[in-house]
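Below is one structure. I have some questions about it.
We number each residue from 1, following the sequence as shown.
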Amino acid sequence: MSDVKLQHIDKIYDNKVQAVFDFNLNVKNGEFIVLVGPSGCGKSTTLRMVAGLEDISAGNLIIDGRDVTQKPPKDRDIAMVFQDYALYNHMTIYENMAFSLVLRKENKYEIHQKVLAAAEILDLTDQLNKKPNQLSGGQRQRVAMGRAIVRTPKVFLFDEPLSNLDAKLRGSTRREILLLHKRLKATMLYVTHDQTEALTLADRIVCMSMGHVQQIGTPLELYYTPANLFVASFIGLPPINLFDVDIRNGEAICDDFCVTLTPEEKAMLARYEGRKVVLGVRPENVVQGGNINVNVFSNENLGMTTLVHGNLGHQKITCKFREWSNFKAGDTVGVSFTRKIFFDKDTTDAITL
């Protein structure tokens, strides 16, 4: 497998609309990179530029030390798995998986061995004589992955491969992709709008918005130390709680509650004395016991955890408690915040020391 370098990549369409701005990323050999963001953020366009399905307007694409910016898809040695499977319904599963190798006029024996090996990896051995319409959505997606595996490409590209599957199949197929990556030790670039896929699959996540990279980092880095309000709000389910607060005399104050800052937070926020900032608190960092009173309006038991939705005065808050709770609408629960993230209200960037 190979490393991939995207250097100052832009995508500008003929109508002068720019979809991707100055995209930079170094993908290490065998790394699993997930591009995540809302629809229209430029993630699929970026993947298609790597595949050669979209022209690169500016910048360079390096695969395995070779500049392939101007090379056609067939000369890039990549394999792409699409959202809609892109299988040939008149062919058997075996023929679908072998098709690209047949086009390359590889030896029939080698083709047979490669298809059988890929089918075993993906648990498709008993399905090889069937047609795609005889398989489930999850099985068809595995066939699409098998078709990519047999080519032994330098880079695997996945464009929202699970979005057509139901929730149960998404979970099982996601686990299969993760096991496939570990088994093949392959370099993979994966596009999704689903943050659960991003958090569970990625070695590193690239979070995008409106054509710009907002942050690149490990799942834990994006979750616990988001670069800005967009990343904080996009990553995390339930979403992060956000409050406008004033920084005064070692406290974060708003109309509905007051939080005493730790010494580290005081030092970090010293330059914001007398100014407003945005306080972010993830639902699991809201714990029972404290002087912040939440007026409950709904309670969702989720087995070993409970989501409690309520009001802090005029502001809404979601709490994720680690035990089964039975709060009723109208109850009041005292809480405190165990971990806080602060953002500059003007720039929306995270505030750090």
Side-chain angles (χ1 to χ4, degrees), residues 4-11 18-28 31-47 50 59 189-245 247 252 259 261-262 264-272 275-286 318 320 337-353:
V4 180
K5 295 180 181 178
L6 293 90
Q7 300 172 334
H8 303 289
I9 299 289
D10 287 344
K11 177 60 184 178
Q18 187 158 356
V20 177
F21 298 79
D22 195 29
F23 188 104
N24 290 278
L25 176 67
N26 288 337
V27 184
K28 291 177 284 189
E31 194 172 18
F32 198 130
I33 296 289
V34 176
L35 280 64
V36 69
S39 296
C41 73
K43 57 188 186 297
S44 287
T45 301
T46 302
L47 196 77
V50 175
L189 275 69
Y190 185 107
V191 160
T192 182
H193 64 275
D194 186 325
Q195 57 164 298
T196 301
E197 290 178 33
L199 291 169
T200 53
L201 289 173
D203 294 320
R204 285 190 297 156
I205 295 172
V206 180
C207 187
M208 297 183 68
S209 173
M210 299 179 68
H212 295 271
V213 173
Q214 300 295 314
Q215 187 174 0
I216 300 173
T218 67
L220 287 181
E221 285 171 345
L222 268 69
Y223 190 78
Y224 287 116
T225 56
N228 53 43
L229 274 172
F230 175 82
V231 177
S233 300
F234 190 83
I235 300 293
L237 196 68
I240 192 170
N241 299 295
L242 298 171
F243 310 101
D244 287 347
V245 297
I247 303 302
V259 176
L261 302 175
T262 66
E264 293 81 6
E265 291 166 346
K266 277 195 222 177
M268 183 176 68
L269 294 166
R271 66 186 185 279
Y272 289 90
R275 295 166 56 188
K276 280 191 180 297
V277 301
V278 179
L279 165 62
V281 184
R282 296 215 178 269
E284 64 271 23
N285 296 136
V286 182
T318 297
K320 186 176 182 180
F337 303 151
T338 58
R339 186 187 184 98
K340 303 179 283 295
I341 311 171
F342 293 93
F343 302 90
D344 187 295
K345 191 166 174 59
D346 296 322
T347 68
T348 75
D349 290 336
I351 299 170
T352 58
L353 280 171

Query raised in the report: Is the CE atom of Met268 crowded by more than 12 outside heavy atoms at less than 6.0 Å?
Result: yes
Query raised in the report: In Å and rounded to the nearest 0.5 Å, what is the CD1 to CG distance from Ile341 to Asn228?
Result: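 Result: 11.5 Å between the selected atoms.
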Requested in this report: Please round to the nearest 0.5 Å and tell me the distance separating atom CZ of Arg339 and atom CD of Glu284.
Outcome: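 Going from CZ on Arg339 over to CD on Glu284, the span is 9.5 Å.
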Query raised in the report: For the residue pair Ser44 and Val191, what are the closest heavy atoms and their distance?
Result: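 Shortest heavy-atom contact: OG-CG1, 3.5 Å.
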Report task. Could you tell me whether the side chain of Gln195 and the main chain of Ile235 form a donor-acceptor pair under 3.5 Å? Result ->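 Checking the backbone N and O of Ile235 against the side chain of Gln195, no donor-acceptor pair under 3.5 Å is found.
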Query raised in the report: Looking at side-chain heavy atoms only, is the closest gap between Phe342 and Leu261 below 4.5 Å?
Result: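 Yes, their side chains come closer than 4.5 Å.
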Query raised in the report: Where does the angle between the aromatic ring planes of Phe21 and His212 fall among parallel (under 30°), tilted (30 to 60°) and perpendicular (over 60°)?
Result: parallel
Requested in this report: Rounded to the nearest 0.5 Å, what's the gap from CD on Glu31 to CG on Leu25? Could you check?
Outcome: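 Here the rounded value is 7.5 Å.
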Query raised in the report: Quick one: OG on Ser209 to CD on Gln215, what's the gap to the nearest 0.5 Å?
Result: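 Atom-to-atom, Ser209:OG and Gln215:CD are 13.0 Å apart.
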Query raised in the report: Heavy atoms, side chains only, cut-off 4.5 Å: are Ile33 and Asp203 in contact?
Result: no
Query raised in the report: Can you find a pair of side-chain heavy atoms, one from Asn285 and one from Phe337, that are under 4.5 Å apart?
Result: no
Query raised in the report: Does a sphere of radius 6.0 Å around OH in Tyr223 hold more than 12 heavy atoms from other residues, nucleotides or ligands, not counting ones at 6.0 Å or beyond?
Result: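 Yes.
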Query raised in the report: If every non-hydrogen atom of Ile240 is compared with every non-hydrogen atom of Pro283, which pair is closest and at what distance?
Result: CA-CD, 4.2 Å
Report summary line: In terms of heavy-atom contacts, Ile205 and Ala198 come closest through CD1-O, 3.6 Å
Query raised in the report: So do Val206 and Phe23 actually touch side chain to side chain, heavy atoms under 4.5 Å?
Result: yes
Report task. Indicate the atoms forming the closest heavy-atom contact of Phe230 with Pro38, along with that distance. Result ->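 Distance-wise, the nearest heavy atoms are CZ-CD, 3.6 Å.
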Report task. Drop me the distance from His8's NE2 to Asp22's CG, to the nearest 0.5 angstrom. Result -> 6.0 Å
Requested in this report: Answer yes or no: are there more than 12 heavy-atom neighbours, outside Lys340 itself, under 6.0 Å from its atom NZ?
Outcome: yes
Query - Student check: side-chain heavy atoms of Asn24 and Val213 closer than 4.5 Å - result: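 No, their side chains stay 4.5 Å or more apart.
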Requested in this report: Could you please spell out the steps behind the side chain to side chain contact (heavy atoms under 4.5 Å, CB included) verdict for Leu242 and Leu229?
Outcome: CA-CA 9 Å; Leu242 298 171; Leu229 274 172; 3.8 Å; yes
Query raised in the report: Side chains of Phe343 and Pro226: does their closest heavy-atom pair fall under 4.5 Å?
Result: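 Sidechains of Pro226 and Phe343: in contact.
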Query raised in the report: Got Lys43 and Val36 here, is their nearest side-chain heavy-atom distance under 4.5 Å?
Result: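 SC-SC contact between Lys43 and Val36 ruled out.
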Report task. Over all heavy atoms of both residues, which pair between Asp344 and Arg275 is shortest? Give the atoms and the distance, please. Result ->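 Taking Asp344 first and Arg275 second, the nearest heavy atoms are OD2-NH2, 4.1 Å.
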Query raised in the report: To the nearest 0.5 Å, what is the distance between CG (Leu201) and OH (Tyr190)?
Result: 5.5 Å
**Report entry** Heavy-atom pair with the smallest gap, counting every atom of Ala202 and Pro219
**Finding:**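 Closest pair (atom of Ala202, atom of Pro219, distance): O-CG, 3.5 Å.
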Query raised in the report: Within a strict 4.5 Å, meaning less than it, do heavy atoms of the Asp244 and Lys345 side chains meet?
Result: yes
